[in-house]
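To start, the structure under review is shown below, and the notes come after it.
Just so you know, residue 1 is the first one in the sequence shown, and it goes up from there.
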Amino acid sequence: MKITVEFLSLPNVAKQVGGKSISHDFSGGSIQQLIGEVAGKYGKRVSDFLLGPDGRLDADFRVVLNKQEWLNHDQLDRELNEGDIVTIAMLVGGG
């Protein structure tokens, strides 16, 4: 199935994958599995940047599903469907 993965405020990742958004052929599974697959496909630099020591999405990142729903890290086991859009964003704070 085709899943769109967007990288919001992640220029280093966008450079490695060839753009701020990619269309990924995903055999199915959870959001976390998709993130792991994308990280593995684009090499060590992307994998090291996105994944924590436990192999899951690093705590510095947030996920938005279909441009509507912000997900907590304990919700990344949600199954994806054809045409879903997964946005990975780094939240930046400051003042």
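- Note that the CG atom of L65 and the CD1 atom of I85 stand 9.0 Å from one another [nearest 0.5 Å].
- Of the inter-residue distances, the one linking D84 atom CG with R78 atom CZ reads 9.5 Å to the nearest 0.5 angstrom.
- Judged purely by atom type and a 3.5 angstrom limit, Q33 uses its side chain to pair as donor or acceptor with the backbone of S30.
- Minimum heavy-atom separation, S23 to K2: OG-CD, 3.3 Å.
- You'll find the side chain of Q32 reaches within 4.5 Å of the side chain of R56, heavy atoms only.
- In this structure, Q75 CD and E69 CD are separated by 6.5 Å, a value rounded to the nearest 0.5 Å.
- In this structure, the side chains of I88 and E6 stay at 4.5 Å or more apart for every pair of heavy atoms.
- A heavy-atom distance below 4.5 Å is found between the side chains of V38 and I22.
- No donor-acceptor pair under 3.5 Å is formed between the side chain of Q16 and the backbone N or O of Y42.
- The pair K41-D25 does not meet the salt-bridge criterion, since no charged nitrogen lies less than 4.0 angstrom from a carboxylate oxygen.
- Not a single donor-acceptor pair under 3.5 Å links the side chain of N72 to the backbone N or O of D74.
- By the 4.5 Å heavy-atom criterion applied to side chains, L34 and V86 are counted as neighbours.
- By the criterion of side-chain heavy atoms lying less than 4.5 angstrom apart, applied directly or through intervening Ile, Leu, Val, Met, Phe, Trp or Tyr residues, L8 is not grouped with L50; the two fall into different hydrophobic clusters.
- For R45, the CZ atom counts as loosely surrounded, since its 6.0 Å shell holds 12 or fewer non-hydrogen atoms of other residues, nucleotides or ligands.
- Under the side chain to side chain contact (heavy atoms under 4.5 Å, CB included) criterion, D58 pairs with D60, F61, sequence neighbours left out.
- Summarising the geometry, atom OG1 belonging to T4 is positioned 8.5 Å from atom NZ belonging to K67; distances are rounded to the nearest 0.5 Å.
- The side-chain heavy atoms of N12 and F7, taken from C-beta on, include no pair separated by under 4.5 Å.
- Put simply, NE2 on H24 and CD on E37 are 3.5 Å apart, with the number rounded to the nearest 0.5 Å.
- Between the NZ atom of K20 and the OG1 atom of T87 there is a distance of 12.5 Å, given to the nearest 0.5 Å.
- Annotation: side chain of W70 is not in contact with side chain of V63 (no heavy-atom distance under 4.5 Å).
- Nearest heavy atom pair, residue I3 against residue L80, reads CD1-CB, 4.1 Å.
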